Participant: 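My structure is below; once you've seen it, I'll send some questions.
The structure presented is a predicted model; accordingly, all values stated were derived computationally and were not measured. Within every chain, numbering begins at 1; the chains are lettered A, B, ... in the order of the sequence lines, protein sequences first and strands thereafter.
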Protein chains: 2
Amino acid sequence: MSSGYVTLGQVAEAAGVSLATASRVLNGSTSTRQVSGELRERVTSSARALGYLPNASAQSLARNSSSLVGLVVHDIADPYFSSVAAGVTQTVEEHGLVVVLGTTDRSPSKESTILAALRSHRAKAVVLVGSRSTDSKSTEALTREIELFRRQGGRVACVSQPVLPADTVSPDNHAGAAELARSLIEQGHRKFALLAGPNNLSTARERMDGFHSALSAAGLEPDYQDVMHGDFTRDGGYASTRRLMMLGTEATCLFAVNDVMATGAIAALRELGVRVPEQLSVAGFDDIPTLRDLTPSLTTVRLPLEQMGRQAAELVLAREEREEPRLIDVHGEVLIRESTRPPA
Amino acid sequence: MSSGYVTLGQVAEAAGVSLATASRVLNGSTSTRQVSGELRERVTSSARALGYLPNASAQSLARNSSSLVGLVVHDIADPYFSSVAAGVTQTVEEHGLVVVLGTTDRSPSKESTILAALRSHRAKAVVLVGSRSTDSKSTEALTREIELFRRQGGRVACVSQPVLPADTVSPDNHAGAAELARSLIEQGHRKFALLAGPNNLSTARERMDGFHSALSAAGLEPDYQDVMHGDFTRDGGYASTRRLMMLGTEATCLFAVNDVMATGAIAALRELGVRVPEQLSVAGFDDIPTLRDLTPSLTTVRLPLEQMGRQAAELVLAREEREEPRLIDVHGEVLIRESTRPPA
DNA sequence: GTTAATGTGGGAAGCGATTTCCCATCGGCA
DNA sequence: TGCCGATGGGAAATCGCTTCCCACATTAAC
């Protein structure tokens, strides 16, 4: 009573039935087994009376599977990840399961560690959010970890990274960036500066590629001197932009591969006395909800982040056990707002 | 091999020792027991060779305690919570533990559900973030849940809510809001409009009270017609502000009890053609990192959100088992920025 | 009126660790 | 040489729950 736990055995005893029966009742009749109504009632009521709460560890051990679902992000404070995380969390909780949050800090080794922990807990599934480095070196350990995870019956889904043979919710970065580029060209821009991401991240590269291909299609040669590599963070965007401006550029429009970097860029430009969009247009990607109130409002490519999280979770929690890894394509909608305008 | 798990038994067998010995080695010698160096080596190496990974459920069952630490927030997409969450997560992971994320959606019943799940998993501790309703009705079940949780040996810490008898990291909302009010008065403001939070949330009320008390101290009577109640969300702030302006106000400064609502307020004012700060000053509270790049930059009270998360986690993970619930006071620093200026 | 089919409850064997005893062995010391 | 206290290792009991399998009963089928 004071420090004790109520066990199934105690419930069974109180109800005057065997452990097996009590278990059956509380599990809503395992498979086709039936329990008479009267016993069922006795068990449930004494369980309630005793305040019985099953020991999840014991259940996991016996069932060899837990009610845990992993959610792996790089940085939960980053609004991109927190938006997706919100979707994942909602869905997982709706299914009566529990979210285990792991943050990688963008380190592949940490990611492997997290996956191992999930494996150790016999997690039911895991949703990997954000793009990973694609160079085989650092992916190797991760891939093996994932392989082990699914060998245990765990399901895996990715958001924004069709790297692994797993269900994936993938925004069409290439098309979105290309469409954005076309809109900017249409506005009259001819020379662009680019705030790229780390080159080994698929997401970053896809957005760059999409942007480039649209430029090429329009007969424009991107000026590679105006490409700065950032790290997807606000401060990275800020620093890269300062560097870019110090070096000097003739670009009339700056495309940052995500909104967070674009935010840093605008901050840097303001400090340097460069007015946006009058002197330099700025465009981003993602349409981060928290950043929608920036001034000037960001021209960007909208991604339904929260919904993507929900879809990934659904994918991984779906009863159906399909062979083919599913790929859900997400369309990004170009939003022309205040931060871009036709060049002077 | 193909679908199997490696158990401690297999490791022991491979090393030619008993289960007990293998367990002792892998746990770094339980209590004062020593294992000879040679055996120790044999065990660790065959564990590594076999790719042994302990079954966390089995460990939890045997030890009656898991490596899980709960993190409960209202809405992980809200930058306030994601900032604190980042701090908590960092610290928990540094300790080699695993974070279980629960989102309440601001519903007390969901919160109880989460706590029960944590109890069921024998979580080591839980960090509750964000203020809860203080009316006893909805707190009752939660309090009981918490009581049960700690009876099981679980530790509890709260961030920003010294409601329960638990370790708490609490910003000094009253003092911060008062200091902010004094600064605004010093700027020359005499009539204020207030975007309050839900009245039953301690955080919201403390900030209101602090603000009011500073006004009174300055001989100013707050005009209660200009108090709008919001819900801590951006859209709530937006809607309340529209309502406020429709009703008309003579205030020269609008104080929103958090940055998120202030953001909504600024958006509404812009739509209404009211210039900030020229026509109306706006101040917030929290200094949300993601919102620092707003234009105009927000006058606010800075709270070290991430650090608060870290502290709460430290509190709950500290080895020392102190009797008195600890209370860590966090000072909020007033930051006068662009969104407020002396009235015309 | 047997035999077979079905429906229900209980017994007991795991699940994979931890941990408590208990025993064997090895020195040390008288 | 003999006894005793350490010391290191193993057998086995748990932890709380699920589930296979058997027993008994009731009813259906012939």
Side-chain angles (χ1 to χ4, degrees), chain A residues 3-44 46-47 50-67 117 119-124 152-153, chain B residues 3-44 46-47 50-68 119-122 152-153:
Chain A
S3 83
Y5 307 88
V6 179
T7 71
L8 225 207
Q10 296 175 29
V11 173
E13 189 176 11
V17 301
S18 77
L19 229 107
T21 303
S23 174
R24 286 188 191 110
V25 170
L26 266 22
N27 282 312
S29 71
T30 316
S31 59
T32 50
R33 284 305 294 266
Q34 306 231 352
V35 178
S36 75
E38 193 231 352
L39 283 199
R40 174 173 298 278
E41 175 54 33
R42 286 220 310 264
V43 172
T44 54
S46 52
L50 268 55
Y52 170 69
L53 183 70
N55 180 324
S57 302
Q59 288 185 313
S60 302
L61 180 57
R63 290 206 260 247
N64 192 30
S65 162
S66 74
S67 60
R119 214 147 55 78
S120 163
H121 281 91
R122 298 294 185 267
K124 208 181 232 43
Q152 291 191 2
Chain B
S3 84
Y5 306 88
V6 178
T7 71
L8 225 209
Q10 296 174 29
V11 172
E13 189 175 11
V17 301
S18 77
L19 228 97
T21 303
S23 174
R24 287 189 190 111
V25 170
L26 266 22
N27 282 312
S29 71
T30 315
S31 59
T32 52
R33 285 306 293 266
Q34 305 242 347
V35 179
S36 72
E38 193 232 352
L39 283 199
R40 174 173 298 278
E41 175 54 33
R42 282 214 322 257
V43 172
T44 55
S46 53
L50 267 54
Y52 171 69
L53 184 69
N55 181 323
S57 303
Q59 289 184 315
S60 302
L61 179 58
R63 295 192 185 136
N64 192 30
S65 162
S66 73
S67 59
L68 268 29
R119 213 149 52 80
S120 163
H121 279 93
R122 300 292 185 266
Q152 289 189 172

Participant: Could you pull out all residues at least two apart from A:T21 that satisfy side-chain hydrogen bond (donor to acceptor under 3.5 Å, both in side chains)?
Facilitator: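 Applying side-chain hydrogen bond (donor to acceptor under 3.5 Å, both in side chains) to A:T21 gives A:S18.
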
Participant: Once rounded to the nearest 0.5 Å, what's the spacing between atom CG of B:L19 and atom CD of B:Q10?
Facilitator: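 Reported value, rounded in 0.5 Å steps: 10.5 Å.
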
Participant: Please list, chain by chain and in numerical order, all residues satisfying side-chain contact (heavy atoms from CB on, under 4.5 Å) with B:A22, sequence neighbours excluded.
Facilitator: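 Scan of B:A22 (side-chain contact (heavy atoms from CB on, under 4.5 Å), adjacent residues dropped) gives B:L8, B:A12, B:V17, B:V43.
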
Participant: With a 4.0 Å cutoff (strictly under), does any side-chain N or O of B:T21 reach OP1 or OP2 of D:dG10?
Facilitator: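 So the side chain of B:T21 is within the cut-off, an N or O lying under 4.0 Å from OP1 or OP2 of D:dG10.
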
Participant: Begin from the C-alpha positions of A:S67 and B:H121 and carry the test side-chain contact (heavy atoms from CB on, under 4.5 Å) through to its verdict.
Facilitator: CA-CA 10 Å; A:S67 60; B:H121 279 93; 3.6 Å; yes

Participant: Kindly give the atom pairs (protein nitrogen or oxygen, nucleotide nitrogen or oxygen) under 3.5 Å for nucleotides 20-24 of chain D.
Facilitator:
residue, atom, partner, partner atom, Å
D:dC20, N4, A:R24, NH2, 3.2
D:dC21, N4, A:R33, NH1, 3.4

Participant: Please name all residues satisfying side-chain hydrogen bond (donor to acceptor under 3.5 Å, both in side chains) with A:S65, sequence neighbours left out, ordered by chain then number.
Facilitator: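 Checked A:S65 against side-chain hydrogen bond (donor to acceptor under 3.5 Å, both in side chains); matches are A:K124.
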
Participant: Rounded to whole Å, please give me the gap between CD in B:Q10 and C1' in C:dC15.
Facilitator: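 Roughly 13 Å, once rounded to whole Å.
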
Participant: Roughly how many Å is it from NE2 in A:H121 to P in C:dG16, rounded to a whole number?
Facilitator: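 Value for this atom pair: 16 Å.
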
Participant: Detail all sub-3.5 Å separations between protein N/O atoms and N/O atoms belonging to nucleotides 14-17 of chain D.
Facilitator:
residue, atom, partner, partner atom, Å
D:dC17, OP1, A:Y52, OH, 2.4
D:dC17, OP1, A:N55, N, 3.4
D:dC17, OP2, A:L8, N, 2.3

Participant: Restricting to side-chain contact (heavy atoms from CB on, under 4.5 Å), what partner residues turn up for A:A14, sequence neighbours left out?
Facilitator: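 Result, side-chain contact (heavy atoms from CB on, under 4.5 Å) vs A:A14: A:S46, A:L50.
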
Participant: Can you tell me if the side-chain N/O atoms of A:S18 get under 4.0 Å from OP1 or OP2 in C:dG9?
Facilitator: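 No, because none of the side-chain N or O atoms of A:S18 sits under 4.0 Å from OP1 or OP2 of C:dG9.
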
Participant: Which residues pass the side-chain contact (heavy atoms from CB on, under 4.5 Å) test with A:S120, not counting sequence neighbours?
Facilitator: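 Expected list: B:L53, B:A56.
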
Participant: For B:R42, which residues count as a salt bridge (charged side-chain N to carboxylate O under 4.0 Å, His left out) partner, sequence neighbours excluded?
Facilitator: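 Checked B:R42 against salt bridge (charged side-chain N to carboxylate O under 4.0 Å, His left out); matches are B:E38.
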
Participant: Give me the bend of the helix from C:dG1-D:dC30 to C:dA30-D:dT1, using the axes of the five pairs at each end, rounded to 10°.
Facilitator: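 The helix from C:dG1-D:dC30 to C:dA30-D:dT1 shows an end-to-end axis angle of 50°.
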
Participant: When you look at B:V6 and B:V11, which way does the side-chain contact (heavy atoms from CB on, under 4.5 Å) test go after all the steps?
Facilitator: CA-CA 7 Å; B:V6 178; B:V11 172; 4.0 Å; yes

Participant: Identify, with sequence neighbours excluded, every residue that meets side-chain contact (heavy atoms from CB on, under 4.5 Å) alongside A:E13.
Facilitator: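 For A:E13 there are no side-chain contact (heavy atoms from CB on, under 4.5 Å) partners, ignoring immediate neighbours.
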
